[in-house]
Amino acid sequence: MGELAKATSTEPTGEPGRRAALLDEQWRIGPKMHGGYLLAVLAQAAADEVSAAAGHDVPEAVTGTFLRAPDPGPAVVTVDVLRRGRGATQVRARLDQDDRPCVEAAVVLAADPRVDARDGDVSPDPVTLTPFEQCARRPVETDDGRGPLPLMDVVDTRIDPASLGFLSGRPTGEGRIAGWTELDTRETWSPIGLMVALDVLPPASFDLGLYGWSPTMSLSAHVHAAPAPGPLRVVQWVDHLTGERMHETCRAWDTSGRMVGQATQLAAVRR
């Protein structure tokens, strides 16, 4: 199920608002399912539940709270519609496994606006990066103690050389990492796929010399537009870090230079 659309799909169970999911082990970071992937599963289930009735199938905003890490395999997604409006539908989606809640998300769904990229778009210019072809792909196997990164088999992620100092013990101290990301199948990133792209870079705390694991506690992703074909350029930085908590921000631009999404997350810091 390397294709993202297949890996995030769910099936109706016959019970209203309840859908069956199969969490694909390829979308893992170490032993844990990738947080952006789990958010994409919830966003897709929410869109499938409401789009036929309202025409709202684009997740404009998704905020997920991570309660416990599910394992690869069967899971259940429950979707509750909170409000149906002309311009948007708000829902609550929860992923359970073995009758235990794992991730809960608030989702705002809307119709694809089909707005031209040059029509009133006020957003930051894309970051300057070394060309995609000149950046090395992140490996699946690492030596940092986190174990294998199966996600790197399905998501071609390439960090800009200027952000790679942490690998040799020479972080810049800026708390900033930038690079490229593209699906291994070369399919175009979808709005729902942006949930993955906005959470794919290593923790920006690595660039501060803090190399411990940083599990996501809360992740909020906003989708601005459906990306153009090709790799996304992404940048992630530390907004605030103290004690055992870190706040990060991520932005993504497509090949047209348009900012297509942004995200913020609260993560734990394992020093």
Side-chain angles (χ1 to χ4, degrees), residues 2-8 26-27 29 34-41 43-44 47 58-62 64 112-118 121-140 149-164 176-204 206-207 216 219-238 248-265:
E3 298 92 340
L4 184 57
K6 289 183 180 179
T8 57
Q26 287 184 291
W27 300 81
I29 293 290
H34 180 248
Y37 165 71
L38 294 174
L39 222 59
V41 171
Q44 186 65 66
V58 176
E60 284 192 323
V62 184
D112 188 343
R114 302 291 182 184
V115 177
D116 186 272
R118 297 161 295 181
D121 189 341
V122 179
S123 58
D125 292 332
V127 293
T128 301
L129 297 176
T130 301
F132 177 82
E133 297 78 11
Q134 297 177 27
C135 297
R137 181 168 180 167
R138 290 199 72 203
V140 175
L149 308 176
L151 183 74
M152 297 300 104
D153 257 341
V154 288
V155 182
D156 183 350
T157 302
R158 307 184 182 204
I159 299 176
D160 189 278
S163 296
L164 283 175
R176 179 184 182 276
I177 293 178
W180 301 90
T181 186
E182 186 173 31
L183 291 165
D184 188 67
T185 59
R186 298 304 185 251
E187 60 187 298
T188 301
W189 285 103
S190 66
I192 286 175
L194 284 174
M195 307 294 121
V196 175
L198 290 167
D199 188 38
V200 77
L201 291 178
F206 284 12
D207 192 44
T216 301
L219 175 61
S220 296
H222 291 183
V223 173
H224 304 321
L232 299 175
R233 59 179 72 203
V234 289
V235 59
Q236 184 163 289
W237 65 91
V238 175
E248 293 178 292
T249 294
C250 183
R251 291 174 178 167
W253 294 262
D254 68 7
T255 51
S256 76
R258 185 179 191 184
M259 191 169 84
V260 292
Q262 62 189 98
T264 58
Q265 72 170 279

Asker: Checking the side chain of Glu187 only, and the main-chain atoms of Glu3 only, is there a donor and an acceptor separated by less than 3.5 Å?
Answerer: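 Checked: no pair found.
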Asker: Whether the Gln262 and His224 side chains hold a donor-acceptor pair (N or O, under 3.5 Å, no angle test) is what I'd like checked.
Answerer: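 A pair is found: one side chain offers a donor N or O, the other an acceptor, under 3.5 Å apart.
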Asker: When rounded to the nearest 0.5 angstrom, what distance separates CD in Glu182 from CZ in Phe132?
Answerer: 5.0 Å
Asker: One thing to verify: whether Arg186 and Asp156 come together as a salt bridge, which I'm taking to mean a side-chain N less than 4.0 angstrom from a carboxylate O.
Answerer: yes
Asker: Any heavy-atom pair between the side chains of Pro231 and Arg158 that's under 4.5 Å?
Answerer: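 No, every pair of side-chain atoms sits at 4.5 Å or beyond.
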Asker: May I ask you to test the Val155-Leu183 pair for a side-chain heavy-atom distance under 4.5 Å?
Answerer: yes
Asker: Quick one, Thr264 and Glu248 - any side-chain contact, counting heavy atoms below 4.5 Å?
Answerer: no
Asker: Checking the side chain of Tyr37 only, and the main-chain atoms of Met195 only, is there a donor and an acceptor separated by less than 3.5 Å?
Answerer: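 Not at all, since once roles are kept as given, no pair shorter than 3.5 Å links the two residues.
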Asker: Under the rule for salt bridge (Lys or Arg N to Asp or Glu O under 4.0 Å), what residues qualify as partners of Asp184, not counting sequence neighbours?
Answerer: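 Expected list: Arg137.
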Asker: Just jot down the side-chain hydrogen bond (donor to acceptor under 3.5 Å, both in side chains) partners of Asp254, sequence neighbours excluded, or say none.
Answerer: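 With sequence neighbours excluded, Asp254 shows a side-chain hydrogen bond (donor to acceptor under 3.5 Å, both in side chains) to Ser256, given in chain and number order.
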Asker: Quick one: does Trp180's side chain get under 4.5 Å of Leu129's, heavy atoms only?
Answerer: yes
Asker: Between the main-chain N or O of Thr8 and the side-chain N or O of Trp27, is there a donor-acceptor pair closer than 3.5 Å?
Answerer: no
Asker: Partners of Arg251 by salt bridge (Lys or Arg N to Asp or Glu O under 4.0 Å), sequence neighbours excluded?
Answerer: none
Asker: Between Gln265 and Thr216, do the side chains contain a donor N or O and an acceptor N or O under 3.5 Å apart?
Answerer: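 Per modelled atom types, Thr216 and Gln265 side chains form a pair under 3.5 Å.
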Asker: Indicate yes or no for a side-chain donor-acceptor contact from Ser163 to the backbone of Ala178 under 3.5 Å, with no hydrogens or angles considered.
Answerer: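 Side chain of Ser163 to backbone of Ala178: a pair is present.
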Asker: Counting distance only, does the side-chain N/O of His34 pair as donor-acceptor with the main-chain N or O of Asp199 below 3.5 Å?
Answerer: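 Between the backbone of Asp199 and the side chain of His34 there is a qualifying donor-acceptor contact (under 3.5 Å).
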Asker: Would you confirm whether Arg138, through its side chain, and Ile159, through its main-chain N or O, come within 3.5 Å as a donor-acceptor pair?
Answerer: no
